[in-house]
Amino acid sequence: MQVPLNQLSAQLGKGLRSLYTVHGDEPLLVQEAVDAIRASARANGYTERSSFTVAGAHFDWSAVLAAGGSLSLFADKQIIEVRIPSGKPGKEGSTALQQLVSSSVDNDSTLTIVVLPRLDKATKTGAWFAALESHGATVQIDSIERTALPAWIAQRLQQQKQHVKAGEEGQRTLAFFADRVEGNLLAAHQEIQKLGLLYPAGELGFEQVEQAVLNVARYDVFKLSDAVLSGQVLRTERMLNGLQAEGEAEVLVHWALAEDIRAMKRVKDALRNGRPMPMALRENRVWGNKERHFERVLPRISDATVARLLHSAHAVDGIVKGLKVPEWPANGWQALHRLALQTCKACSSR
């Protein structure tokens, strides 16, 4: 049974399941979900807890299975937590997890929580995950995207009885806050808590937030791709500066930019050859947010523009590897800025 994160509290209120699986790549939200399950379990008499972290291929699964089948003399209910940071339990682990699932059926003395990172499509089709999903409650935790971050911040502020001003000024305050904490939800949570300590309940002005919130944003090349394809020039510049400051490899940043340009060329060629857009995207492995960006951009970007972007990507490939290219900056990061902005402007709404 799949349980959306925002409905977990309601589900727990209706009664505990004997098996929960929490998976996602936002440590803060994963921990909060696990904490909520634990709190509900403690309120229902689960007084003991055993935790196991699966590390390496030689992990001893027998200890997990033994813990699930034993209780101390002083407790009649227990929590068993199994954390698999890699998301890959291996052959022995797959068998053990399916045994855990079998033992959890109609078991009101042991509550099992399995914690996993974000899983790809292939992993979700595995027998062990299918067993977890079929016989327990599964909570999938998705990343908070930049577009949703201001609303998330506002909701968290509201929980501590604070809010920004109404109207445009409030939206500007939330946008400023989001820019400072993008890609770092744990830090966002800490900054929100800081505001609760610094200021009383009620309205927060822009100046108060500006003075209190540190610049703790973290960027990665995949979020950079989203910013470029969205045509967000200022965000693209900010992310490139952040990646450079964090010491990201120039060749990796170039790979992300060039791969999007090459994908646009491949899909454009497929469309010219009569492929419908959904088929062309699927055949070229364009999924998720990138799929939506391509659907918006490709019908109006010309073949000549894509060809120019490919030429620029080729030039920057040489620059980040130490070559000099006429009419291009010799500095790799300056060249990456130019390439990213060229692509960004080509993808912007007109």
Side-chain angles (χ1 to χ4, degrees), residues 5-6 8 22-36 83 85-87 115-119 139-160 162-164 170-199 204 206-230 232-250 252-253 255-257 288-290 333 336-337 340 344:
L5 179 59
N6 60 4
L8 178 60
V22 181
H23 61 103
D25 59 358
E26 288 289 2
L28 171 68
L29 301 183
V30 168
Q31 191 57 51
E32 288 181 344
V34 173
D35 287 345
R83 295 179 176 269
S86 68
V115 184
L116 298 155
R118 181 176 60 178
L119 303 176
V139 184
Q140 177 175 318
I141 296 178
D142 297 319
S143 299
I144 305 297
E145 298 298 335
R146 174 60 181 80
T147 53
L149 193 52
W152 184 88
I153 293 169
Q155 186 262 336
R156 291 284 170 136
L157 287 172
Q158 191 173 31
Q159 289 179 1
Q160 58 191 37
Q162 291 179 313
H163 61 273
V164 298
Q171 295 305 310
R172 182 168 69 95
T173 302
L174 291 174
F176 170 84
F177 199 147
D179 287 343
R180 292 299 181 274
V181 299
E182 181 180 1
N184 196 348
L185 215 59
L186 281 167
H189 175 65
Q190 292 169 350
E191 296 301 309
I192 291 167
Q193 288 184 315
K194 185 201 296 183
L195 288 169
L197 294 173
L198 290 175
Y199 304 115
L204 295 170
F206 177 82
E207 293 77 12
Q208 292 172 303
V209 173
E210 183 181 32
Q211 291 172 11
V213 176
L214 297 173
N215 186 357
V216 290
R218 289 180 185 166
Y219 304 116
D220 61 52
V221 293
F222 303 105
K223 294 295 176 66
L224 173 65
S225 171
D226 182 72
V228 170
L229 294 175
S230 298
Q232 299 174 326
V233 173
L234 294 179
R235 185 182 175 211
T236 296
E237 286 276 18
R238 186 170 60 249
M239 296 185 81
L240 283 168
N241 290 333
L243 287 167
Q244 182 178 4
E246 291 169 8
E248 187 61 87
E250 295 175 11
L252 181 59
V253 177
W255 171 84
L257 296 171
N289 286 341
K290 191 171 294 187
W333 280 103
L336 287 168
H337 273 263
C344 190

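The basis for the numbers below is simple: all heavy atoms, side chains too, and nothing from hydrogens, waters or symmetry mates. For reference, positions follow the sequence shown, starting with 1.
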Nearest heavy atoms of [X] and [Y], plus distance in Å:
X    : Y    : answer
V115 : V34  : CG2-CG2, 3.8 Å
S225 : K290 : OG-CE, 3.7 Å
A212 : L198 : CB-CD1, 3.7 Å
S86  : P117 : C-CG, 3.9 Å
F176 : E210 : CE2-CA, 3.5 Å
W152 : H189 : CH2-N, 4.5 Å

Next on the checklist: Assess whether a salt bridge exists between E182 and K223, defined as any Lys/Arg side-chain N lying under 4.0 Å from an Asp/Glu carboxylate O.
Outcome noted: no
Item to check | Carboxylate-amine/guanidinium proximity below 4.0 Å for D179 and R146 | outcome: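 Answer for the salt bridge query: yes.
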Next on the checklist: Assess the residue pair L214 and K194 against the criterion (side-chain contact (heavy atoms from CB on, under 4.5 Å)); give the C-alpha distance rounded to whole Å, side-chain angles, the decisive distance to 0.1 Å, and a yes or no.
Outcome noted: CA-CA 10 Å; L214 297 173; K194 185 201 296 183; 3.8 Å; yes
Item to check | Heavy-atom side-chain contact between V164 and R172 under 4.5 Å | outcome: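 In short, these two side chains do not touch, never coming nearer than 4.5 Å.
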Next on the checklist: When you compare the side chain of E32 with that of L29, does any pair of heavy atoms fall below 4.5 Å?
Outcome noted: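 Yes. Closest side-chain heavy atoms under 4.5 Å.
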Determine whether more than 12 heavy atoms belonging to other residues, nucleotides or ligands lie under 6.0 Å from atom [atom1] of [X].
X    : atom1 : answer
L234 : CG    : no
R180 : CZ    : yes
Q159 : CD    : yes

To the nearest 0.5 Å, what is the distance between [atom1] ([X]) and [atom2] ([Y])?
X    : Y    : atom1 : atom2 : value
R235 : D226 : CZ    : CG    : 5.0 Å
Q140 : L116 : CD    : CG    : 11.5 Å
L149 : F177 : CG    : CZ    : 8.5 Å
R238 : L224 : CZ    : CG    : 11.5 Å
I153 : L174 : CD1   : CG    : 6.5 Å
R118 : S143 : CZ    : OG    : 5.5 Å

Quick check: does any side chain N or O of [X] sit under 3.5 Å from a backbone N or O of [Y], one acting as donor and the other as acceptor?
X    : Y    : result
E248 : D220 : no
Q160 : I192 : yes
Y199 : L204 : no

Checklist entry - Does any donor atom in the side chain of Q31 or D35 lie under 3.5 Å from an acceptor atom in the other side chain? => result yes
Next on the checklist: Is there a side-chain contact (heavy atoms from CB on, under 4.5 Å) between L243 and W333? Walk through the geometry before answering.
Outcome noted: CA-CA 10 Å; L243 287 167; W333 280 103; 4.0 Å; yes
